Amino acid sequence: MARVTTPPHPTSVPFDSSALTLPVDQRAAKEHTARLRAAGAVSGNASTAVTIIATLAVGVAFLTIGMVFLGIVIAAVTGMDSQQGGATMMVVALIPLAFVLLIPAAFVWIFVTTRRRTAARRYRLWRFAEANGMSYVPRSRSPRFRG
């Protein structure tokens, strides 16, 4: 009778996924991104410049609109008299001005938050790769594919 043997199990490689879930030190993530940028692995210069120019253009547009609304507010405040609708007119005139001020602030918040999250994501993936004996490259300019 033939004896049946099972092949030996391959040695298991320890897998550490904690780097993907642990909190990220923002300063360390920022320093890691700076190192990647200095090494040429991340080219944020062009995309950052485009983002800044677009943000400034949107800011100038909202500033222009804000000045128009500010003119409306000033006209409403100086033109109102002691009749019943004066206070209501002032509140109605201030609402668009509040939106004009909040929208650029929202753009700045989104820009800063996106940069932080991207840096944190890169840093998490790098820590995960290091913990598991791999390497992480955020982007390859000309990847070599077979074929």
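None of the values given here were measured: they were computed from a predicted structure.
Residue W109 shares its hydrophobic cluster (ILVMFWY side chains chained together at separations under 4.5 Å) with I110.
Rounded to the nearest 0.5 Å, atoms CZ (R122) and CZ (R37) are 6.5 Å apart. Put simply, OH on Y123 and CZ on R27 are 10.5 Å apart, with the number rounded to the nearest 0.5 Å.
For the side chain to side chain contact (heavy atoms under 4.5 Å, CB included) test, residues two or more places apart in sequence or in another chain that qualify with S18 are D16, L22. In this view, A34 satisfies the side chain to side chain contact (heavy atoms under 4.5 Å, CB included) rule with no residue, not counting sequence neighbours. Residues satisfying the side chain to side chain contact (heavy atoms under 4.5 Å, CB included) criterion with E130, sequence neighbours excluded, are W126. Evaluation of the side chain to side chain contact (heavy atoms under 4.5 Å, CB included) rule for R124 yields V24 as partners, not counting sequence neighbours.
Within a 6.0 Å sphere centred on CZ of R35, other residues, nucleotides and ligands contribute more than 12 heavy atoms.
Partner of P138 under the side-chain contact (heavy atoms from CB on, under 4.5 Å) criterion, out of T118, L36, T33: L36 alone.
Residue A119 comes nearest to A29 through the heavy atom pair O-CB, 3.8 Å, listed as atom of the first residue, atom of the second, then distance. Closest non-hydrogen pair, A120 versus Q26, comes out as CB-NE2, 4.3 Å.
Note on V137 and L125: separate hydrophobic clusters, where clusters join Ile, Leu, Val, Met, Phe, Trp and Tyr whose side-chain heavy atoms are under 4.5 Å apart, directly or indirectly.
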*Let me see the working for M134 and F128 under side-chain contact (heavy atoms from CB on, under 4.5 Å), right down to the final yes or no.*
CA-CA 8 Å; M134 296 182 272; F128 171 76; 3.7 Å; yes
